[in-house]
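Heads up: the structure comes next, in structure tokens.
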Amino acid sequence: MPEFNSDGVRLAYIDEGAGEPILLIHGFASNIAMNWSGPGWGKILNEAGYRVIAFDNRGHGMSEKLYQLADYGAPLMAQDARRLLQHLDIAQCHVMGYSMGARISAFLAVAEPALVRSCVFGGMGGNMLRPMAGTDDVAQALEAPALDQVVNKGARLFRQFA
């Protein structure tokens, strides 16, 4: 998988097909293969005439893993997306994000409106609008020493997926 440097962070990406570009941004604890290739989104979009671009977010998939909380804010990760498009010399594209990727897509659209032709937000609810503090049930589940210590059913499922 090709890689590019996003302000010192090594990120893996794909660039497949021809036509109007669409950038796909995956969700938390996922990657290109799990969110886009495996379910067939890349193939469907290629067949519909789109140039499919996707990257493994920092800390995910084949991209570099970082260990400081400050390295993972959505505004910063939106700049990773911008840098990838700049690296590929793309002036404007459609963007489709799922879950955390939808949140990143929204920050990209707000920060770089000329770059984003349209946006599709999937898998988001109220978290699109409220801050993502580290005190919710999911964060606590991810930080718990063991899975059997996680009592919230939804947070437990999220930890198992992650």
Validation: residues 106-123 side-chain donor-acceptor distances under 3.5 Å, sequence neighbours left out:
| from | atom 1 | to | atom 2 | distance (Å) |
| --- | --- | --- | --- | --- |
| R117 | NH1 | E20 | OE2 | 2.6 |
| S118 | OG | H94 | ND1 | 2.5 |

Can you list the residues that meet the side-chain hydrogen bond (donor to acceptor under 3.5 Å, both in side chains) rule with [X], with sequence neighbours excluded?
{"X": "R51", "result": "D15"}
{"X": "Y13", "result": "H87"}
{"X": "Q92", "result": "none"}
{"X": "N152", "result": "D137"}

Under 4.5 Å between any side-chain heavy atoms of [X] and [Y], yes or no?
{"X": "N35", "Y": "N31", "answer": "no"}
{"X": "N57", "Y": "I104", "answer": "yes"}
{"X": "W36", "Y": "V52", "answer": "no"}
{"X": "I25", "Y": "Y98", "answer": "no"}
{"X": "I53", "Y": "L88", "answer": "yes"}

**Asked** Which residues pass the side chain to side chain contact (heavy atoms under 4.5 Å, CB included) test with A141, sequence neighbours left out?
**Response** V150, A155, R159

**Request:** Apply side chain to side chain contact (heavy atoms under 4.5 Å, CB included) to M1 and list each qualifying residue two or more places apart in sequence or on a separate chain.
**Result:** A12, I14, I32, D56, M62

Please set out all donor-acceptor pairs under 3.5 angstrom arising from side-chain atoms of residues 73-83, sequence neighbours excluded.
| from | atom 1 | to | atom 2 | distance (Å) |
| --- | --- | --- | --- | --- |
| Q79 | OE1 | R82 | NE | 2.3 |
| Q79 | OE1 | R82 | NH2 | 3.1 |
| D80 | OD1 | S6 | OG | 2.6 |
| D80 | OD1 | R58 | NH2 | 2.9 |
| D80 | OD2 | R58 | NE | 2.6 |
| D80 | OD2 | R58 | NH2 | 3.3 |
| R82 | NH1 | Q86 | OE1 | 3.3 |
| R83 | NH1 | S6 | OG | 3.1 |

**By salt bridge (charged side-chain N to carboxylate O under 4.0 Å, His left out) - contacts of E16 (at least two apart)** = none

**Request:** Could you name each residue pair satisfying side-chain hydrogen bond (donor to acceptor under 3.5 Å, both in side chains) that touches residues 60-69, not counting sequence neighbours?
**Result:** none

**Prompt:** Tell me, which pairs form a side-chain hydrogen bond (donor to acceptor under 3.5 Å, both in side chains) where one or both residues lie in residues 37-50, sequence neighbours left out?
**Reply:** K43-E47

**Reported CG-to-CD1 distance for the pair L84 and I90, which is rounded to 0.5 angstrom** = 7.0 Å

